[in-house]
4 protein chains.
Amino acid sequence: MEPIADKKKAIFESTLELVREKGFHGTPMSLVAKRAGVAAGTIYHYFESKQDLIIELFYYIRDQIIAVLKSEDAASVPYHKCFFRIWYGLYEYYSQNPNVLMFFEQFVNSPYNTCVNEANRSEFHKYLFGFFERGIREGHLKPLSPKILGTLAHANIISTVKMYSAGHLVLEEGELKQIPQILWDGMRAQSVACKV
Amino acid sequence: MEPIADKKKAIFESTLELVREKGFHGTPMSLVAKRAGVAAGTIYHYFESKQDLIIELFYYIRDQIIAVLKSEDAASVPYHKCFFRIWYGLYEYYSQNPNVLMFFEQFVNSPYNTCVNEANRSEFHKYLFGFFERGIREGHLKPLSPKILGTLAHANIISTVKMYSAGHLVLEEGELKQIPQILWDGMRAQSVACKV
Amino acid sequence: MEPIADKKKAIFESTLELVREKGFHGTPMSLVAKRAGVAAGTIYHYFESKQDLIIELFYYIRDQIIAVLKSEDAASVPYHKCFFRIWYGLYEYYSQNPNVLMFFEQFVNSPYNTCVNEANRSEFHKYLFGFFERGIREGHLKPLSPKILGTLAHANIISTVKMYSAGHLVLEEGELKQIPQILWDGMRAQSVACKV
Amino acid sequence: MEPIADKKKAIFESTLELVREKGFHGTPMSLVAKRAGVAAGTIYHYFESKQDLIIELFYYIRDQIIAVLKSEDAASVPYHKCFFRIWYGLYEYYSQNPNVLMFFEQFVNSPYNTCVNEANRSEFHKYLFGFFERGIREGHLKPLSPKILGTLAHANIISTVKMYSAGHLVLEEGELKQIPQILWDGMRAQSVACKV
DNA sequence: CATGAATGAGCCTTCATTCAT
DNA sequence: TATGAATGAAGGCTCATTCAT
């Protein structure tokens, strides 16, 4: 992976900020350019169109998130522990990159989403679902579809971040840690759960 | 609540369809008008501006969802049962009104959202959180913030609907019913859970 | 043929003038609008795009020229006389509508031309060639392809008008009338020509 | 006349091709550069501006055409024969260089044309008209203005080439040769014509 | 109330031209 | 000489909104 050109990165960051502040529609290319410190025309050296910029930005972010997933998943660590590490890893990433989260949410519910081919879109899901598939196979989780468990888990993380961002979540000492616990309690194989 | 004028409703439905098909940005007033079978100017007799139309539509939908909540909640029914009835009620509603769900998701992540005052926005949450507050108070659920439980539950429902809409969810006999079960298992008071 | 809306005609005339003055490329829609006395957006009520405007204008003009042809051709008049009447008729029309001529020349040598389907483009030629076909059939003209004779005749007329417009043609009493004479002398059946 | 630098010639040829394919407006400097195999900036070492490139290209072509004229005109050859040789010479040149013809036609009807001073523009005409002036003086042609005869003759040639390029001209054995004949029959002094 | 032609600000995009390397 | 990334003015087009009918 070669390093991304400075200007290109500046354009990405500028877009990310503006989309959060004003939404896709409220983010003209002229403003993206100004905040990135480049001329309007310059964007078109790096991206074919606004749509292309948005989609490439999506890939750029997706790769970051995949990197988080990979760094927290390890076959050598007990599954239970990985589960919580991934939860916290993604939680941290999204919390510290609120621009990313809002961009992602808007992207998914936008017409741009339909322009991303299936293979590219689910690169992230491949990793995520893989982790849950393993949990099911090894008997840690309820025997449902990995897609279902993965999707629900991700939704749980994102909702938590959004509550926090919106100021609705009081982060008392122990409150945050109970949220992945709810998820785990719901998903773990019940026989194990009640053996205690 | 007086009944909504026919044209107003037609405009609402037209907007809802178009926003799903083309997103906010791809939904010009002229198209809303055409599909609603009215002239462009007519919309401005019912709504002050496009923003006003969007926000009023948000309220219109929110009220439908609140109605679902109310119809499934009943103090006379065991809490556990209400929980699942609400889950299924909202699941059904969103499934059968996919326009609504996409509109909602887009609305929340749009600049329009910031124009809705806090009181109005949380009308729905008041009911939702109230239900979870009761569950905690009566000892059915883990003693967390009702906001957290309510938000997580709603995210769980919406994710399920979206999986289904995207065709990722195989609705085998028993698969669907396990999803609210995951939620319940995660949220219920653990002492109770393992007493069995 | 219903009368053309006032605004539409104003846009046509404005375009015609500007294209002569500044060429296709030097004629922005904003200027077309300003000179036509309408707003820029208004043009797009009447035409889908700049290309559409140009092409419709082409048809508009073509119909005027066809009308000239038709008004001068008459089976009841001796062929020789019709020939000269048509020559003068077109010459007059082009001379008095120099905007039209320059537009036409530019249109033919522009990429827009390829957007006009064959049938539409040759509506004018159908009439023109028809006249020469008759001349050949009746033995007035050399037995060549009517397409060739028609095309050469039209080029002759246009060249004459352009010389005049450029100021290169001194319109002495008898000079102009010798030009169609050259054409006629070249095209008429030789046996007849030298019988005299 | 020093020989033209290789790159300069490549730029000329590239421009010529592109103008035919896409018209003036559809021929950006960046594309000219790419097809010529040079960088965009390089063009500006050879030409001051796009306008300068176009105008210099016009002269470049004009000189080629003048060369054709000169090579076919010879005082030692009977006038009648020269007339046909020039006709065929130009016809051949334009037919084999269709890029040239389209460029020329577009140039004449473009705003660039007004930038060429009169003296330069009519360099070609000087030769052309000179030939017809001689024809008149020597009694071979009708006693009209040489400008008129020359212009009509040139238009006749160009029309023929364009018919051929468009595929409208069936080049049967004898058909082509009748076209300059038409021209000659029209222009030659009539007393001579009918003496036969 | 209803209409829809008209408006014009603002957006995405192109492209002739420059200049640091 | 040669390069090509960068510039930014200008153009085509959209669309929320108005208003005369």
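First the proteins, then the strands, lettered A, B, ... as listed; each starts at 1. All values below were derived from every heavy atom in this structure, side-chain atoms included, with hydrogens, water molecules and symmetry-related copies excluded.
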Note to self: Output the rounded distance in Å from CD (Q51(C)) to C1' (dG11(F)).
What the structure shows: 16 Å
Next item on the list: Just name whichever nucleotide pairs with dA20(F), Watson-Crick or G-U, keeping both distances under 3.5 Å, else none.
Entry: dT3(E)
Checklist line | Rounded distance (Å) that lies between atom P of dA2(E) and atom CG of D6(B) | finding: 11 Å
Next item on the list: Go through the N and O atoms of the side chain of H45(C) and the base of dA5(E), and report whether any donor-acceptor pair is under 3.5 Å.
Entry: no
Notebook entry, point to check: Centroid-to-centroid, F58(B) to Y112(B), below 6.0 Å?
Noted result: no
Notebook entry, point to check: Any side-chain heavy-atom pair from V19(B) and M102(B) closer than 4.5 angstrom?
Noted result: no
Notebook entry, point to check: With a 4.0 Å cut-off on heavy atoms, is Y46(D) in touch with a base, just the backbone sugar-phosphate, or nothing at all?
Noted result: sugar-phosphate
Check: Between F24(D) and F103(D), what is the ring plane arrangement, given parallel below 30°, perpendicular above 60°, and tilted in between?
Finding: perpendicular
Check: Between F12(C) and F47(C), is the ring centre distance below 6.0 Å?
Finding: yes
Next item on the list: Could you state the atom-to-atom distance from NE2 of H25(C) to P of dC15(E) in whole Å?
Entry: 8 Å
Check: Does G41(D) or S49(B) map to a spot on DNA chain F nearer the 5' end, using the closest nucleotide for each?
Finding: G41(D)
Notebook entry, point to check: dC1(E) and dT21(F): how far apart are their C1' atoms, nearest whole angstrom?
Noted result: 13 Å
Next item on the list: Write down the distance between CE (M29(C)) and P (dC13(F)), rounded to a whole number of angstrom.
Entry: 6 Å
Next item on the list: Round to a whole Å and report the spacing from CD1 of I11(A) to P of dT13(E).
Entry: 13 Å
Margin query: Between A39(B) and S30(A), which residue's closest nucleotide on DNA chain E lies nearer the 5′ terminus?
Written below: A39(B)
Checklist line | Whichever of A40(A) and A40(B) has its nearest DNA chain F nucleotide further upstream toward 5' | finding: A40(A)
Check: How many Å lie between CD1 on I43(D) and P on dC19(E), as a whole number?
Finding: 17 Å
Next item on the list: For K34(C) and dA10(F), give me the distance from atom NZ to atom P, rounded to whole Å.
Entry: 13 Å
Check: Which listed nucleotide (dA6(E), dT7(F), dT17(F)) is nearest to the side chain of V38(A)?
Finding: dT7(F)
Check: Side-chain N or O of K7(C) less than 4.0 angstrom from OP1 or OP2 on dA5(E)?
Finding: no
Check: Does a nitrogen or oxygen in the side chain of K50(A) sit under 4.0 Å from OP1 or OP2 of dC11(E)?
Finding: no
Margin query: Between T27(C) and G23(C) (side chain of the first, backbone of the second, donor and acceptor by atom type, cut-off under 3.5 Å), is there such a pair?
Written below: yes
Checklist line | Nearest-nucleotide pick for P28(D), side chain only, options being dA6(E), dA16(E), dT3(E) | finding: dA16(E)
Notebook entry, point to check: How close or far is atom C1' of dT13(E) from atom CG of D52(A), stated in whole angstroms?
Noted result: 13 Å
